[in-house]
Trainee: 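Please find one structure pasted underneath; my questions will follow.
Protein chains get the first letters and strands the later ones, always in sequence-line order, with residue 1 at the start of each.
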2 protein chains.
Amino acid sequence: MQDILFNFISKYISLTEDEKNALLSLNIFHSVKRGTTLLKEGQYSNESFFVLKGCIRTYYMIDGEEKTTAFYTEMDAFTPSCVISKTPSDYFISCVEDSILTISNAEMEAEVNSKFPKFELMCRKLSEELLAKQRIDFDEFKTSSPEERYLNLLQKRPDLIQRVPQHQLASYLGIKPQSLSRLRSRILEKKN
Amino acid sequence: MQDILFNFISKYISLTEDEKNALLSLNIFHSVKRGTTLLKEGQYSNESFFVLKGCIRTYYMIDGEEKTTAFYTEMDAFTPSCVISKTPSDYFISCVEDSILTISNAEMEAEVNSKFPKFELMCRKLSEELLAKQRIDFDEFKTSSPEERYLNLLQKRPDLIQRVPQHQLASYLGIKPQSLSRLRSRILEKKN
DNA sequence: GGTATTTCTTAACTTAAGTGAACGGGTTAT
DNA sequence: ATAACCCGTTCACTTAAGTTAAGAAATACC
């Protein structure tokens, strides 16, 4: 399980055994049960996540309805906005499946960054990369219809459609569950 | 004009006069005429932008139509996705107004970062912050209707609605120009 | 200054998403 | 075992966005 993390890190920097051990000594590996809430709206937090196994999601509570806006699965790193802005969180974070995560906090990062400056470099590269990827995702979302978004998701993250409840997928696609259901049957009809 | 840049930087790190001069010696300030294309679809680039004055936009060419997805105005920093991914650009970048920009490239950044390691820190902080902001923007987009998006924009970037052509605004809001026009008159009716 | 082009608006019609309600299947809890 | 709840689907109806087309207004160009 630890190798998954080190594999991920190796995409950005190379680590010595000492550095690996320093990371492991922080005890950042955690098992989290399905349904667990990791962060609530209104809370302050300085915790970042990395998904080794499983799936977590962010959702807003708007007019009494959950609006799921993001899913993080294997090999996804995620720092909530509220950690960066140091304001109360606008959204909830919750476990979609039983998951294994690394959960680190700002102090740990500060410690590691000061001990091993190359972590700073990794963080920069990673967030630049995520920023660019998210920009592309956002642009695709803007320039396509709900149906195109669904078909696009089917190509890019087919696993999500299997492992995640439909009503969560719907708001992820920016529509209502009924519309997703209808849209799916419309696509099936077209195939025949 | 240079002070705008230094003001921006001072939000993240503090600079000595030497460091400021090192930056100025790179000759990164440029005047760009309205309508100038800064980057074309399919091109490789390693240039980043910072807007001192004016407005630039990114747009995709889809089925012969321009789809504008982002605007960058005063105090906005912007590194195109293709610079990060080292792939050909998916979109165009163009000047909406006569503008004054800083245009820097990867070599300059590498040089500055090695001379002054604290620039590395600034880059990390900045991209983390932009990532978090963009996440919130994306979430707002997903969870609201075109009309809500327009009203939201009216609150957050009222200047954009004045300085940018409607048809560019429309695709920025994820709709067609005709729909934006109709939506606006619908809002006016409601007020009366 | 006048023409050409682009931009914005309006309208009629089509298509798809939102809404409210109902139903069945499945799970959970008591 | 039964009731309560959650979830996905379907339906009928409403509302809003897409499409196509036309014309007016603003802007650019020569």
Trainee: Calculate the interatomic distance between A:Ile187 atom CD1 and C:dT15 atom C1'; express it in whole Å.
Mentor: 15 Å

Trainee: Measure from NZ or CZ of B:Lys86 to the centre of the six-membered ring of B:Tyr44, then state whether that distance is under 6.0 Å and the direction lies within 45° of the axis.
Mentor: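 Judged by the rule, B:Lys86 and B:Tyr44 form no cation-pi pair.
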
Trainee: Indicate yes or no: does A:Lys156 engage A:Glu140 in a salt bridge with an N to O separation below 4.0 Å.
Mentor: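 Result for this pair is yes, salt bridge flagged.
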
Trainee: Is there side-chain contact between B:Ile103 and B:Ile28, with at least one heavy-atom pair below 4.5 Å?
Mentor: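 No, their side chains stay 4.5 Å or more apart.
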
Trainee: Over how many whole Å does the gap from A:Ile175 atom CD1 to C:dT19 atom P extend?
Mentor: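 That distance rounds to 12 Å.
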
Trainee: Between the side chains of A:Glu107 and A:Asn46, does any donor sit under 3.5 Å from an acceptor?
Mentor: yes

Trainee: Of all the nucleotides listed (C:dC8, D:dA17, D:dG8), which has the minimum atom distance to the side chain of B:Pro165?
Mentor: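 Nearest listed nucleotide: C:dC8.
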
Trainee: Between D:dG8, D:dT10, D:dA16, which nucleotide has the shortest distance from any of its atoms to the side chain of A:Ser185?
Mentor: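 For the A:Ser185 side chain, the nearest candidate turns out to be D:dT10.
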
Trainee: Separation of A:Glu147 atom CD from C:dA16 atom P, in whole Å?
Mentor: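 Taking atom P of C:dA16 as the reference, CD of A:Glu147 is at 7 Å.
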
Trainee: Under 4.0 Å between any heavy atoms, over every strand shown, what does A:Pro177 touch: base, sugar-phosphate, or nothing? Just pick one.
Mentor: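 Nothing: the residue A:Pro177, judged by heavy atoms under 4.0 Å, touches no strand.
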
Trainee: Could you please name the option among D:dT19, C:dA17, D:dT10 that lies closest to any side-chain atom of A:Ser181?
Mentor: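 Selected nucleotide (nearest to the side chain): D:dT10.
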
Trainee: Classify the side-chain pair B:Ser104/B:Ser48 by whether it contains a donor and acceptor separated by less than 3.5 Å.
Mentor: no

Trainee: Please report the distance, rounded to the nearest Å, between OH in A:Tyr150 and P in D:dG8.
Mentor: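 Going from OH in A:Tyr150 over to P in D:dG8 covers 12 Å.
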
Trainee: Classify the side chain of A:Arg182 versus the base of D:dG8 as yes if they form a donor-acceptor pair under 3.5 Å and no if they do not.
Mentor: no

Trainee: Reckon B:Arg186 has a side-chain N or O less than 4.0 Å from the OP1 or OP2 of D:dA17?
Mentor: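 Yes.
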
Trainee: Measure from the side chain of A:Ser179, starting at C-beta and using heavy atoms only, and say which of C:dA17, D:dA17, D:dG8 lies closest.
Mentor: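 My answer, after comparing the listed nucleotides, is C:dA17.
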
Trainee: Tell me: CD of A:Glu65 to C1' of D:dC7, nearest whole Å?
Mentor: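 Nearest whole value for this atom pair: 14 Å.
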
Trainee: Just N and O in the side chain of A:His167: are any of them under 4.0 Å from OP1 or OP2 of D:dG8?
Mentor: yes

Trainee: For atom CD of B:Gln155, is the number of surrounding heavy atoms from other residues, nucleotides or ligands below 6.0 Å larger than 12?
Mentor: no

Trainee: Which pairs, protein N/O on one side and nucleotides 23-28 of chain C N/O on the other, fall under 3.5 Å?
Mentor:
none

Trainee: Can you work out whether B:Gly174 or A:Leu180 has the more 5'-proximal nearest nucleotide on DNA chain D?
Mentor: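 Final value for this comparison: A:Leu180.
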
Trainee: Taking atom C1' of D:dG8 as reference, at what distance in whole Å does atom CD of A:Glu66 sit?
Mentor: 16 Å

Trainee: Between B:Ser81 and A:Arg135, is there a side-chain donor-acceptor contact under 3.5 Å, judged purely by atom types and distance?
Mentor: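 Checked: A:Arg135/B:Ser81 side chains show no N/O donor-acceptor pair below 3.5 Å.
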
Trainee: Write down the distance between CG (B:Asp63) and C1' (D:dG18), rounded to a whole number of angstrom.
Mentor: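 Atom CG in B:Asp63 sits about 14 Å away from atom C1' in D:dG18.
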
Trainee: Do side-chain atoms of A:Asp76 reach the backbone of A:Thr73 as a donor and acceptor pair under 3.5 angstrom?
Mentor: yes

Trainee: Whole-Å distance between C:dT10 C1' and B:Leu183 CG?
Mentor: 15 Å

Trainee: Please name the residue in the list A:Arg57, A:Lys53, A:Arg163 that meets the salt bridge (charged side-chain N to carboxylate O under 4.0 Å, His left out) test with A:Glu97.
Mentor: A:Arg163

Trainee: Which one, D:dG18, C:dC8, C:dT10, comes nearest to the side chain of B:Gln178?
Mentor: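 Ranking D:dG18, C:dC8, C:dT10 by closest atom to the B:Gln178 side chain puts C:dT10 first.
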
Trainee: Considering only side-chain heavy atoms of B:Lys176, which listed nucleotide, D:dG8, D:dT19, C:dG18, is closest?
Mentor: D:dT19

Trainee: Can you pull out how bent the helix from C:dG1-D:dC30 to C:dG24-D:dC7 is, comparing the axes over its first five and last five pairs, to 10°?
Mentor: 50°

Trainee: Would you tell me whether A:Asp139 and B:Tyr91 have side-chain atoms, one donor and one acceptor, within less than 3.5 Å of each other?
Mentor: no

